[in-house]
Amino acid sequence: MNLYALIILHDAGVSVNVPAPARFAVHKLIIASRRLTSDDGTAKSRKDRLQAATLMETMIAQRQDEAIADAFMEAWDRGPAWREAIQTSLRQIDAKQLELIRAGIRQGIEALGHAPSDYDC
């Protein structure tokens, strides 16, 4: 499992496992597409997409393209349901931000020795 350990300081400290940022971002894309269409679900879906896009954009700016690409490819390779969930969320991200994210994912995929076209990038 890809988790980071985080120590929260309280008395002697508490060890907490948190998801790897790239995997968390891709997870948020998948979850955003699966929220209910109620007002509450729609608002949560927007929030999930915003969190995913912001995290991915930040990681790309910090040259962590390969981490994002690795998480993206792993989720993509899990099958059509996951691919559709990812695509659904990506289609709803602002066009300018989406192009930056796609460019970063493409660059990461290439750096990992794969073809971006295999991942709709």
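Residue numbers run from 1 in the order of the sequence given.
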*For I93 and L29, run side-chain contact (heavy atoms from CB on, under 4.5 Å): C-alpha distance rounded to whole Å, both residues' side-chain angles, the deciding distance at 0.1 Å, then the answer.*
CA-CA 10 Å; I93 293 175; L29 287 178; 4.0 Å; yes

*Excluding sequence neighbours, so at least two apart, what forms salt bridge (Lys or Arg N to Asp or Glu O under 4.0 Å) with E110?*
none

_M59 and P21, any side-chain heavy atoms less than 4.5 Å apart_ = yes

_Heavy-atom side-chain proximity of I30 to S89 below 4.5 angstrom_ = no

_Spacing of CG belonging to L55 relative to CD belonging to Q64, to within rounding of 0.5 Å_ = 9.0 Å

*Check the pair E84, T88 against side chain to side chain donor-acceptor pair (under 3.5 Å), reporting the backbone distance first and the verdict last.*
CA-CA 6 Å; E84 179 58 32; T88 297; 2.9 Å; yes

*Is T54 reaching over with its side chain to a backbone N or O of Q51, donor-acceptor style, under 3.5 angstrom?*
no

_For A75 versus I86, what's the shortest heavy-atom pair and its separation?_
CB-CD1, 3.8 Å

*Could you grab the distance from atom CG of D65 to atom CD1 of I105, nearest 0.5 Å is fine?*
9.5 Å

*Give a yes or no on whether Q107 atom CD has more than 12 heavy-atom contacts from other residues, nucleotides or ligands under 6.0 Å away.*
no

*Can you list every salt bridge (Lys or Arg N to Asp or Glu O under 4.0 Å) pair that touches residues 93-104, not counting sequence neighbours?*
E99-R106

*Between Y119 and D77, is any pair of side-chain heavy atoms under 4.5 Å apart?*
yes

*Are any of the side-chain heavy atoms of R35 and T42 separated by less than 4.5 Å?*
no

*Enter the distance from I60:CD1 to M56:CE here, rounded to the nearest 0.5 Å.*
6.5 Å

*Any residue meeting side-chain hydrogen bond (donor to acceptor under 3.5 Å, both in side chains) with D120, in chain and number order, not counting sequence neighbours*: Q87

*asked:* Quick one about R49 and S45 (side-chain donor to acceptor, distance below 3.5 Å, no hydrogens or angles considered), yes or no?
replied: yes

*Please determine if D70 and R23 form a salt bridge, counting it only when a charged side-chain N lies under 4.0 Å from a carboxylate O.*
yes

*Calculate, to the nearest 0.5 Å, the distance between atoms CG and SG belonging to L90 and C121 respectively.*
8.0 Å

_Using 0.5 Å steps for rounding, measure from the CG atom of L100 to the CD atom of E57._
5.0 Å

*With salt bridge (Lys or Arg N to Asp or Glu O under 4.0 Å) as the test, would you mind laying out the steps for R83 and E74 before giving the verdict?*
CA-CA 10 Å; R83 283 192 286 271; E74 183 180 331; over 6 Å; no

*Consider only side-chain heavy atoms of I, L, V, M, F, W and Y, link residues closer than 4.5 Å, and tell whether F72 and L98 are in one cluster.*
yes

_Atom of I109, atom of A69 and distance for their closest heavy-atom approach_ = N-CB, 3.4 Å

*ILVMFWY cluster, W76 and F24 together (side-chain gap under 4.5 Å)*: yes

